[in-house]
There are 2 protein chains.
Amino acid sequence: MRPHLRAVTDAEGLRRSTSGTEGLRRANTGAVLRALRELGPSTRSELAAHTGLAKATVGAIVADLEAARAVAEEGSRPGVRGRPGRPVALRGDRFVSLGLELNVDYVSAVVLDLAGGVVSSTSRSGGTSDDLRDLARSALDEHVGPDCTLVGTTLAVPGLVRGDNRTVAWAPNLRVEWGELADALGSLVPDQQVEVSNDANCAAYAESHHGAARGTSHALYVTGTVGIGAGIVQDGELVRGGAGFAGEVGHMTVGDSSALCGCGRRGCWEAAIGLHAMLAAVGMPELDTPLLTAESVAERARTDADVRAGLERVGRDVGLGIAVLSTVLDPQVVVMGGYFAPLGDLVLDPARRTLDERLVSTAQVRPELRTSTLGIEAAALGAAEQSFGPVLAGEIDLPA
Amino acid sequence: MRPHLRAVTDAEGLRRSTSGTEGLRRANTGAVLRALRELGPSTRSELAAHTGLAKATVGAIVADLEAARAVAEEGSRPGVRGRPGRPVALRGDRFVSLGLELNVDYVSAVVLDLAGGVVSSTSRSGGTSDDLRDLARSALDEHVGPDCTLVGTTLAVPGLVRGDNRTVAWAPNLRVEWGELADALGSLVPDQQVEVSNDANCAAYAESHHGAARGTSHALYVTGTVGIGAGIVQDGELVRGGAGFAGEVGHMTVGDSSALCGCGRRGCWEAAIGLHAMLAAVGMPELDTPLLTAESVAERARTDADVRAGLERVGRDVGLGIAVLSTVLDPQVVVMGGYFAPLGDLVLDPARRTLDERLVSTAQVRPELRTSTLGIEAAALGAAEQSFGPVLAGEIDLPA
DNA sequence: TGACATTAGTTCGAGACTCATACTTAATAG
DNA sequence: CTATTAAGTATGAGTCTCGAACTAATGTCA
């Protein structure tokens, strides 16, 4: 009865030894890769200064990376006094990762390169294993050439994913035969494990690396569709919780609303700010997708004061929940995704006011509320980024 | 106007380089120390098996530790076939750390040794810099011999501590002249930095290393006195938040209670389950300290059904808040400290029932609710443990 | 125009470390 | 008393980082 998703081959050939000198080189290589991502094209001297490594060490590491064709030299930057540096840049055509999302009524695939560039980002409606496999297959076929190595694949799903990053504990909205899915993914990337991750966590990761929370180390991502989910980034890392279930904020009790939730309880945040609650507040019908629905609401709000008042009410409840989360987690930035993105300040302004009222002390700064700009492929993008995580952290080598 | 607490000398002579081979040795030494803490006295072979290091490497590291007198050999354990192993154990008389707590009406000091043993644990009433310095001075004088090195000192305070672990942003309950305090601590441990940390964070750290959450990696600690505070441990590390203010749960909005909080707002968790709210619920007066008060309430509850009913009401609100926190953070264990400890199941049983009602899904397991057993010195103990953190993590060397 | 200053990057040797292998040591089993 | 078993130690190879010396490439200024 437990859904179990695992790619066929359990090669696990990647050495993860951290104790020897090769682990040291791996860690330092990770530092160089991170520096290149952060700084962009840089000379060896700049890398040495930024990482704290000796120039000779950086030279050796860059030479290795160049041999692996992970980086390439760019034209020099003259102008200043002294010998001009020869910047090296991460190459986008040699290593990529694949991020997938399987949701209720759509599937997404993102191909991300080592430099952090989005090679391809596609979605289509549908929610079966076959839909996912087809989309992924064509993404790989079109954008992963013969000299391009797939570093890893991560799948985002709306549900509770266990701490092993492999198996799904609970995904009530997905009607998927897990064995079938495992087969589909196994045939897609033979000889590789597919990691699984929660969709909100993936989106949070994407926002903190590529989106509205870029550059901050502590971010909170809240997504709103029919349900409400959150992803927590602390110190650049996802907070997953003891069993991998952290961030399931939809059913936390917030405010004095006694609205009945789909889960049968009362007072859930979702019952106050979920898509259906929002639509009830503005008196409008649901359209094809949450995003389309929200866009039509935003459109109507321009002329209809009643709609604005309804969004104001929703916004206050949004602020109430974010106040609770901010008090607990102290994020620097809160990114609002899902249907909140099209509504923007219509919801966020009242939320900000509520937040100001509810924050603890004069010393605490209100976190910045921003809307997501990554669109529907946010989760798949974050999933792809997660596959690069261990490489950039210096925990595993780039594949041969 | 900003309270600023900093020990005088900024030696910072500790090398933290992680890139070279000596950083490697430091990391591996940390692994051996952690293994010794976890396993207790162990032979070199056992340490090699547990850490994954080669026997020769462990031999070299143990020899170094022995030379530094951080470990000592114990009598051999005969009985099995083959050459008997010679277990080494962490010594308790060579390296210690000092944990301090400065609270509104008491100060505490804990001396902790490298093996994790509590050398000394004392408290006294009072809340001035002088009280703290005197207590700390006598703890050091009595328990830190001439051949014993103080690895570090950490101070726990009830307030918001900035992310630098040095300065206090907001501590409304403390009436302390920060310059005076810095002077007092500077004279106490010249040539050393004193780290500062939030008291609930410290207590959470203590619970996860020595107390009711020992052995788990994801714990939540909630303390109740007049105010309510929390400390969050994820993956063995404290969650501090973007500015260092995570865990300030007292003023999160929970439940439908419209009780007025001391902060001027309504619906704060503290207004529902803080000491004063609890006393109002049971109709009893406040005694000298929260703990004494709670003990007298527990005593009365044995015979008085009205008191039990009042605690039941409080317990439900406790459960409501913990449900919110568990939904967000997914801890394995929730430890209840402060006035909750003496009341135990009188409060926790209704809390558990509420928790069962409010948890998200069938897949999610209810976290275990336990009472703290560490007593009033919990925060000071956790503070002391934090000073050992970087050593056990292999980030810094033991002092010479 | 040419010596000089300046900065980038490489070479090289020293030093530190881990590791596998072979060896020594110390116990039990029969 | 010998064989067996397991713990711990020496040894040498291999990898890595680092600082210093060195080479390289450019602008500056007399």
Side-chain angles (χ1 to χ4, degrees), chain A residues 15-32 35-36 39 41-68 71-89 394 397, chain B residues 15-32 35-36 39 41-68 71-89 394 397:
Chain A
R15 302 144 255 154
R16 280 183 182 249
S17 153
T18 180
S19 55
T21 55
E22 65 183 27
L24 190 53
R25 165 56 69 94
R26 189 153 45 227
N28 288 338
T29 303
V32 170
L36 281 170
L39 305 175
S42 318
T43 67
R44 292 159 181 79
S45 285
E46 289 165 347
L47 291 171
H50 192 260
T51 58
L53 296 169
K55 279 197 303 178
T57 306
V58 172
I61 288 173
V62 167
D64 280 0
L65 288 173
E66 217 170 348
V71 303
E73 284 202 349
E74 290 194 334
S76 69
R77 277 176 301 188
V80 285
R81 205 182 163 101
R83 173 176 169 176
R86 317 202 327 151
V88 289
D397 281 325
Chain B
R15 301 144 256 154
R16 280 182 182 251
S17 153
T18 182
S19 55
T21 55
E22 65 183 27
L24 190 53
R25 165 57 69 93
R26 191 153 43 227
N28 289 338
T29 303
V32 169
L36 281 170
L39 305 175
S42 318
T43 67
R44 291 159 182 80
S45 286
E46 288 164 347
L47 291 171
H50 191 260
T51 58
L53 297 169
K55 280 199 301 177
T57 307
V58 172
I61 289 173
V62 167
D64 280 0
L65 289 173
E66 219 170 346
V71 303
E73 285 203 349
E74 290 193 334
S76 69
R77 275 176 303 190
V80 286
R81 207 180 161 102
R83 173 175 170 176
R86 315 198 335 145
V88 289
D397 282 325

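Nothing here was measured: the structure is a model prediction, and the numbers come from that model. Residue numbers start from 1 in every chain, and the chains themselves are labelled A, B, ... in the order their sequence lines are given, proteins ahead of strands.
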Nearest-angstrom distance from the residue atom [atom1] of [X] to [atom2] of [N]:
X: B:Glu74; N: D:dG8; atom1: CD; atom2: C1'; result: 18 Å
X: A:His50; N: C:dA8; atom1: NE2; atom2: P; result: 16 Å
X: B:Glu73; N: D:dT9; atom1: CD; atom2: P; result: 8 Å
X: A:Glu22; N: D:dT17; atom1: CD; atom2: P; result: 12 Å
X: B:Arg25; N: C:dC19; atom1: CZ; atom2: P; result: 11 Å
X: A:Arg44; N: D:dA24; atom1: CZ; atom2: C1'; result: 13 Å

Is there a side-chain contact between [X] and the phosphate of [N], meaning an N or O under 4.0 Å from OP1 or OP2?
X: B:Asn28; N: C:dC17; result: no
X: A:Thr57; N: D:dC18; result: yes
X: A:Ser19; N: C:dT18; result: no
X: A:Arg86; N: C:dG9; result: no
X: A:Thr21; N: C:dC17; result: no

Which atoms form the tightest heavy-atom contact between [X] and [Y], and what is the distance?
X: B:Thr18; Y: A:Leu24; result: O-CD1, 3.8 Å
X: A:Asn28; Y: B:Ser19; result: ND2-O, 3.4 Å
X: A:Arg25; Y: A:Ala60; result: NH2-CB, 3.7 Å
X: B:Ser76; Y: B:Gly85; result: CB-O, 3.5 Å
X: A:Glu73; Y: A:Arg86; result: OE1-NH2, 2.5 Å

Taking it one step at a time, do A:Asp64 and A:Thr29 satisfy side-chain contact (heavy atoms from CB on, under 4.5 Å)? CA-CA 9 Å; A:Asp64 280 0; A:Thr29 303; over 6 Å; no
Whichever of A:Leu24 and B:Glu46 has its nearest DNA chain D nucleotide further upstream toward 5': B:Glu46
Would you check if B:Leu53 and B:Ile61 make a side-chain contact, meaning some heavy-atom pair closer than 4.5 Å?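 Result yes, sub-4.5 Å side-chain heavy-atom pair found.
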Nucleotide nearest B:Thr43 when distance is taken to its side chain, options D:dG8, D:dC18, D:dC16: D:dG8
Taking for each residue the nucleotide of DNA chain C bearing the nearest heavy atom, is the 5' side occupied by A:Gly59 or by A:Gly20? A:Gly59
Just by protein heavy atoms under 4.0 Å, how would nucleotides 20-30 of chain C read 5' to 3' in B, S and -? B----BBBSS-
